[in-house]
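Keep in mind that this is a model prediction, so the values were computed, not measured. Excluded from the calculations below are hydrogen atoms, water molecules and symmetry mates; all remaining heavy atoms, backbone and side chain alike, are included. Count residues from 1 along the sequence.
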Amino acid sequence: MDSFSSPSSGSSSFNPDDFKDQLKTQLAQAYAEEFLETVRGKCFEKCITKPGSSLSGGESSCISRCVERYIEATGIISKALFSASR
(Lines give C-alpha, C1' and ligand atoms only; values in the text may rest on other atoms or scores of the structure.)
Protein backbone atom coordinates (compact mmCIF):
# COMPACT_ATOMS: atom_id res chain seq x y z
CA MET A 1 0.00 0.00 0.00
CA ASP A 2 1.29 3.50 -0.78
CA SER A 3 1.27 6.49 1.58
CA PHE A 4 -1.82 7.94 -0.06
CA SER A 5 -4.07 4.96 0.49
CA SER A 6 -2.81 3.67 3.82
CA PRO A 7 -4.23 5.11 7.01
CA SER A 8 -1.78 7.29 8.87
CA SER A 9 -0.76 6.05 12.25
CA GLY A 10 -1.44 8.15 15.31
CA SER A 11 -3.70 10.71 13.64
CA SER A 12 -7.44 11.18 13.55
CA SER A 13 -9.57 10.03 10.66
CA PHE A 14 -9.58 11.93 7.40
CA ASN A 15 -12.27 14.61 7.23
CA PRO A 16 -13.02 15.72 3.64
CA ASP A 17 -14.68 18.96 4.76
CA ASP A 18 -11.65 19.99 6.81
CA PHE A 19 -9.42 19.16 3.88
CA LYS A 20 -11.56 21.26 1.51
CA ASP A 21 -11.51 24.19 3.91
CA GLN A 22 -7.74 23.97 4.31
CA LEU A 23 -7.28 23.73 0.55
CA LYS A 24 -9.54 26.75 -0.05
CA THR A 25 -7.57 28.76 2.49
CA GLN A 26 -4.25 27.82 0.91
CA LEU A 27 -5.52 28.60 -2.60
CA ALA A 28 -6.89 31.97 -1.47
CA GLN A 29 -3.57 32.83 0.15
CA ALA A 30 -1.62 31.81 -2.95
CA TYR A 31 -3.97 33.82 -5.17
CA ALA A 32 -3.63 36.89 -2.94
CA GLU A 33 0.17 36.63 -2.96
CA GLU A 34 0.25 36.25 -6.74
CA PHE A 35 -2.19 39.14 -7.19
CA LEU A 36 -0.13 41.44 -4.98
CA GLU A 37 3.08 40.49 -6.78
CA THR A 38 1.48 41.17 -10.16
CA VAL A 39 0.06 44.52 -9.07
CA ARG A 40 3.34 45.47 -7.45
CA GLY A 41 5.31 44.67 -10.59
CA LYS A 42 2.90 46.22 -13.10
CA CYS A 43 2.27 49.39 -11.10
CA PHE A 44 5.95 49.86 -10.29
CA GLU A 45 6.87 49.50 -13.96
CA LYS A 46 4.14 51.93 -15.02
CA CYS A 47 4.48 54.56 -12.29
CA ILE A 48 8.06 54.68 -11.00
CA THR A 49 10.21 56.46 -13.56
CA LYS A 50 13.23 57.20 -11.38
CA PRO A 51 13.55 54.84 -8.40
CA GLY A 52 14.85 56.57 -5.33
CA SER A 53 14.54 56.64 -1.56
CA SER A 54 10.99 58.07 -1.66
CA LEU A 55 8.06 58.49 -4.02
CA SER A 56 7.16 61.77 -5.65
CA GLY A 57 3.59 63.00 -5.37
CA GLY A 58 2.88 61.99 -8.95
CA GLU A 59 4.33 58.52 -8.46
CA SER A 60 2.31 58.02 -5.29
CA SER A 61 -0.93 59.09 -7.02
CA CYS A 62 -0.16 56.88 -10.00
CA ILE A 63 0.41 53.84 -7.80
CA SER A 64 -2.82 54.47 -5.89
CA ARG A 65 -4.83 54.73 -9.10
CA CYS A 66 -3.08 51.70 -10.61
CA VAL A 67 -3.80 49.48 -7.59
CA GLU A 68 -7.42 50.66 -7.45
CA ARG A 69 -7.88 49.79 -11.14
CA TYR A 70 -6.41 46.32 -10.68
CA ILE A 71 -8.64 45.64 -7.69
CA GLU A 72 -11.72 46.92 -9.54
CA ALA A 73 -10.88 44.92 -12.67
CA THR A 74 -10.29 41.76 -10.64
CA GLY A 75 -13.67 42.21 -8.96
CA ILE A 76 -15.43 42.63 -12.29
CA ILE A 77 -13.72 39.59 -13.78
CA SER A 78 -14.43 37.48 -10.69
CA LYS A 79 -18.14 38.41 -10.75
CA ALA A 80 -18.36 37.59 -14.46
CA LEU A 81 -16.63 34.23 -14.00
CA PHE A 82 -18.74 33.23 -11.00
CA SER A 83 -22.01 34.26 -12.63
CA ALA A 84 -21.06 32.43 -15.86
CA SER A 85 -20.30 29.23 -13.97
CA ARG A 86 -23.78 29.07 -12.39
A.B. asks: Between atom CD1 of Ile48 and atom SG of Cys66, what is the distance when rounded to the nearest 0.5 Å?
C.D. replies: 10.0 Å
A.B. asks: Could you measure the distance from the CG atom of Leu55 to the CD1 atom of Ile63? Nearest 0.5 Å is fine.
C.D. replies: 5.0 Å
A.B. asks: Any chance the SG atoms on Cys43 and Cys62 come in under 2.5 Å?
C.D. replies: no
A.B. asks: CG of Leu36 to CD of Glu34: how many Å apart, nearest 0.5 Å?
C.D. replies: 10.5 Å
A.B. asks: For Asn15, enumerate each residue passing the side-chain hydrogen bond (donor to acceptor under 3.5 Å, both in side chains) test, keeping only those at least two apart in sequence or located in another chain.
C.D. replies: Asp18
A.B. asks: Thr25: which residues meet the side-chain contact (heavy atoms from CB on, under 4.5 Å) condition with it, sequence neighbours left out?
C.D. replies: none
A.B. asks: Check side-chain hydrogen bond (donor to acceptor under 3.5 Å, both in side chains) between Gln29 and all other residues, then give those that pass, not counting sequence neighbours.
C.D. replies: Glu33
A.B. asks: Backbone N or O of Gly58 within a donor-acceptor pair of the Ser61 side chain at under 3.5 Å?
C.D. replies: no
A.B. asks: Would you mind listing every ring pair (Phe, Tyr, Trp, His ring centres under 6.0 Å) that reaches into residues 30-72, with sequence neighbours excluded?
C.D. replies: none
A.B. asks: Assess the residue pair Gln22 and Gln26 against the criterion (side chain to side chain contact (heavy atoms under 4.5 Å, CB included)); give the C-alpha distance rounded to whole Å, side-chain angles, the decisive distance to 0.1 Å, and a yes or no.
C.D. replies: CA-CA 6 Å; Gln22 184 179 12; Gln26 289 176 348; 3.7 Å; yes
A.B. asks: Taking only residues at least two apart or on different chains, which pairs with a member in residues 37-64 satisfy salt bridge (Lys or Arg N to Asp or Glu O under 4.0 Å)?
C.D. replies: Glu37-Arg40
A.B. asks: To the nearest 0.5 Å, how far apart are CD1 in Ile76 and OG in Ser78?
C.D. replies: 10.0 Å
